[in-house]
Amino acid sequence: MWSSMKKITQLIFFLALSSNVFADQKEIILPEKVFYNGFNGYIQLDEIAVTATRTPLPLKETPVLTRLITSKDIELSGATSLPQLLERELAGVEFHQAGYGTSLSFQGLDARYILFLIDGERMAGETYGNIDFSRIAVSDVERIEIVRGSSSVLYGSNAMGAVINIITKTPVEKIDIEGSVKYAGFYERNRETVGGIKSFTKQDIPNIDADIFMGFNFGRLKSQTTVSYSGRNAYRLLSSKEEVRHYDQYNRTNVLTGQIVSTAYDTTVIAPLDTLGVSVSGSRSVSLTQKISYEFSEIVNAFAAVTYYTKNRYDFPESINTGTAHDENYTFERYNTYTLRTGLKIHPDLYNYISLTYTGDLSRRNMDSLRFSVPKQKHMYNSPRLLWTVNAGSYNRVTTGLEFLNETLNFDLSRYGYNDKRSVNTVSLYSQDELSTNIGLSFVAGLRVEKANRYKWNFTPKASVKYSISDFVFRGNYSRGYRNPTIKELYMDYKLPIGGGSNMYVVGNPDLNPEYNQYFSITAEYTRGYTNLSVTGFKSYFRKKIDVRVIERENGRTDLFYENIDKSNFSGIEVIGKTRITKGLLITANYNYIHQNEDAPEASTQYIFVSPHSAVMMVNYGLPVGRNMLYFDVSGKFTGKKLTKMYRHSFNSRFFQGILILRNIIFIHFGIFLWRSV
């Protein structure tokens with residue numbers, strides 16, 4: 001195994017170093033960070049991003065179009081959570097509320113294909129494919145970098161649809177103390193009683209977000225302490241009126257098995273009011289982070305960061321056991337997460353460095369009450385990484401990484417119970433070459449070689465080209481992505497508690513294969529003065545996609561069984577525009593179109609209904625008031641009607657037919673902020 005890896009590494013370095021012959025000498029210049037000035041309204045593309053290549057590059061030099069949400073964008077948004085922020089800033093992003101938490105849809109893909117990172121590292125605690133988004137305190141975020149498309153060469157499994165890297169704050173001033181409190185009224189007041197006495201089920205929780213940031217910068221020694229609190233009120237999602245739907249063809253199905261029992265044509269169906277609705281949990285959470293770094297010399301520095309996070313999730317009583325009141329009103333779920341990140345970096349200059357890092361992230365989930373505590377899940381990542389970047393000449397940069405990932409999981413939804421611990425070990429070697437010229441052309445090529453203990457060798461390539469001429473930048477990108485089956489998908493085996501005497505089980509499949517995709521994108525970007533416009537077209541070919549099939553057993557048992565389906569293809573167009581209309585007035589708009597063609601079996605149940613059309617728009621006006629700046633911020637979001645599977649097959653050959661069945665879902669935010677000039 002190691003001899004093969006050695007030969008592959010030698011080949012990558014040979015190709016990277018030999019490419020010097022074909023490049024004119026041109027230094028990779030990294031300009032100083034330029035902060036956006038809302039009053040002047042300049043479109044700044046000199047902000048530094050690191051996610052697209054794992055190396056610092058100005059936005060305008062990134063090989064794949066990268067979206068950047070800055071700290072000022074975050075504060076002006078008024079967002080109190082990561083889902084609120086991303087939905088405001090990005091078209092094609094939807095967060096759905098359900099009884100078990102928040103789930104994500106990103107350009108038609110669910111959260112399994114979107115890799116979330118904190119300071120470049122994975123997070124444990126996956127539930128139903130989603131991370132716990134409330135772990136991320138928006139007040140501690142310096143910026144967010146979003147790279148759409150496959151990035152598995154640099155980040156491994158799961159990075160098939162996008163990478164969202166959340167970069168936390170670091171102290172800049174010698175002494176820096178900040179704090180904030182945000183309050184919103186109750187979503188829903190509950191006056192339920194048990195035996196004539198008010199029930200203390202924690203359903204009415206004030207919507208309060210509070211945080212304090214304390215940092216100091218004494219030259220070589222830097223320290224930062226962040227404490228965050230968040231409270232969320234529980235509420236129900238109810239129907240406001242009956243839904244009337246007309247179908248050219250309507251299939252009536254068995255609610256338990258999904259099998260078609262009858263078909264009606266040219267019919268109208270009236271869905272009655274949903275009086276029970278969907279219960280969305282309330283919660284209280286606290287997060288404490290301590291970061292410290294020390295520069296031993298001008299070229300050697302070390303850092304360490306420790307985070308403790310705890311959350312209690314309070315459900316409506318009938319939500320706990322699906323429709324039946326629980327005998328303990330104080331029952332809730334408790335989440336505890338412990339994170340350690342540490343590392344050493346040696347950087348002789350701006351272009352050459354080597355770093356050794358370790359990240360450990362442990363997440364626990366228990367069902368607690370006043371009387372007992374039942375463990376539900378323990379999930380952990382251990383990941384050491386060696387990463388080095390060297391300049392092969394002043395115009396060619398090579399980045400190589402060697403990393404090991406150990407994942408372990410205890411969960412109660414397996415056949416053998418919580419104490420049956422499962423683990424997966426993965427070793428990866430990857431290399432990337434960035435080549436620049438003085439004729440506006442630049443290239444990036446990379447290869448990842450990976451071996452997981454359950455699967456064969458995996459080879460993941462990528463290649464990008466960027467061409468700049470006058471005010472235009474053109475980008476072309478190809479990359480291969482992959483996702484290894486999760487431990488749950490391999491080993492889950494439990495009965496669904498849906499009541500009614502059902503005999504339905506969710507069953508994992510230990511014979512699942514990794515799924516992968518081929519991703520292509522082309523981008524044209526125009527920038528002049530106060531205007532920036534980009535148009536991106538993309539296509540993603542999924543193969544061996546993991547889905548769920550309904551299987552009827554002879555003994556009356558129904559299994560929801562994980563399997564690899566043949567294919568699923570996504571394509572789309574994204575348009576992003578920014579412009580200054582007049583002094584101080586900046587308008588930003590983002591439109592996203594998605595088309596999906598999936599070869600899933602009729603009995604498939606795992607499905608994301610895509611909204612083909614979505615858009616966001618923001619208007620920001622900055623007015624100087626003495627030494628202060630008064631900002632007015634208005635934002636809106638539009639989501640088109642979701643297309644069911646039947647609609648998509650009908651409109652497969654008519655590209656714009658979906659626009660005829662749009663239903664407006666619009667969210668508008670308005671804010672006023674006063675900033676003091678520094």
Using only heavy-atom distances, determine whether the side chains of Asp132 and Tyr309 contain a donor-acceptor pair under 3.5 Å. yes
ring-ring contact (aromatic ring centres under 6.0 Å, His included) against Phe474, all qualifying residues, sequence neighbours excluded: none
Quick one: does Ser521's side chain have a donor or acceptor within less than 3.5 Å of a partner on Phe538's backbone? no
Whether Arg480 engages the ring of Tyr516 as a cation-pi pair (distance to the six-membered ring centre under 6.0 angstrom, angle to the ring normal within 45°) should be assessed. yes
One thing to verify: whether Glu121 and Arg385 come together as a salt bridge, which I'm taking to mean a side-chain N less than 4.0 angstrom from a carboxylate O. yes
Under a 4.0 Å N-O cut-off, is there an ion pair linking Glu407 with Arg122? no
My understanding is that only residues two or more places apart in sequence, or in another chain, count here; which of them pass ring-ring contact (aromatic ring centres under 6.0 Å, His included) with Phe216? Phe218
Thr399-Thr389 side chain donor-acceptor pair, cut-off 3.5 Å: yes
List, one per line, each side-chain donor-acceptor pair under 3.5 Å for residues 153-164, sequence neighbours excluded.
{"from": "Tyr155", "atom 1": "OH", "to": "Thr51", "atom 2": "O", "distance (Å)": "2.8"}
{"from": "Ser157", "atom 1": "OG", "to": "Asn484", "atom 2": "N", "distance (Å)": "2.9"}
{"from": "Asn158", "atom 1": "ND2", "to": "Arg112", "atom 2": "O", "distance (Å)": "3.0"}

All ring-ring contact (aromatic ring centres under 6.0 Å, His included) counterparts of Phe133, not counting sequence neighbours: Phe95, Phe116
Under the ring-ring contact (aromatic ring centres under 6.0 Å, His included) rule, collect the residues that match up with Tyr455, sequence neighbours excluded. none
With sequence neighbours excluded, tell me which residues meet salt bridge (charged side-chain N to carboxylate O under 4.0 Å, His left out) with Asp140. none
Is it true that Glu145 and Arg67 have a side-chain N and a carboxylate O under 4.0 angstrom from each other? no
Nearest heavy-atom neighbours spanning Ser223 and Gln290: OG-NE2, 3.0 Å
Does the ring center of Tyr338 lie less than 6.0 Å from the ring center of Tyr308? yes
Which residue, Lys345, Lys222, Arg220, forms the salt bridge (Lys or Arg N to Asp or Glu O under 4.0 Å) with Glu295? Lys222
Heavy-atom pair with the smallest gap, counting every atom of Met380 and Leu362: CB-CD1, 3.9 Å
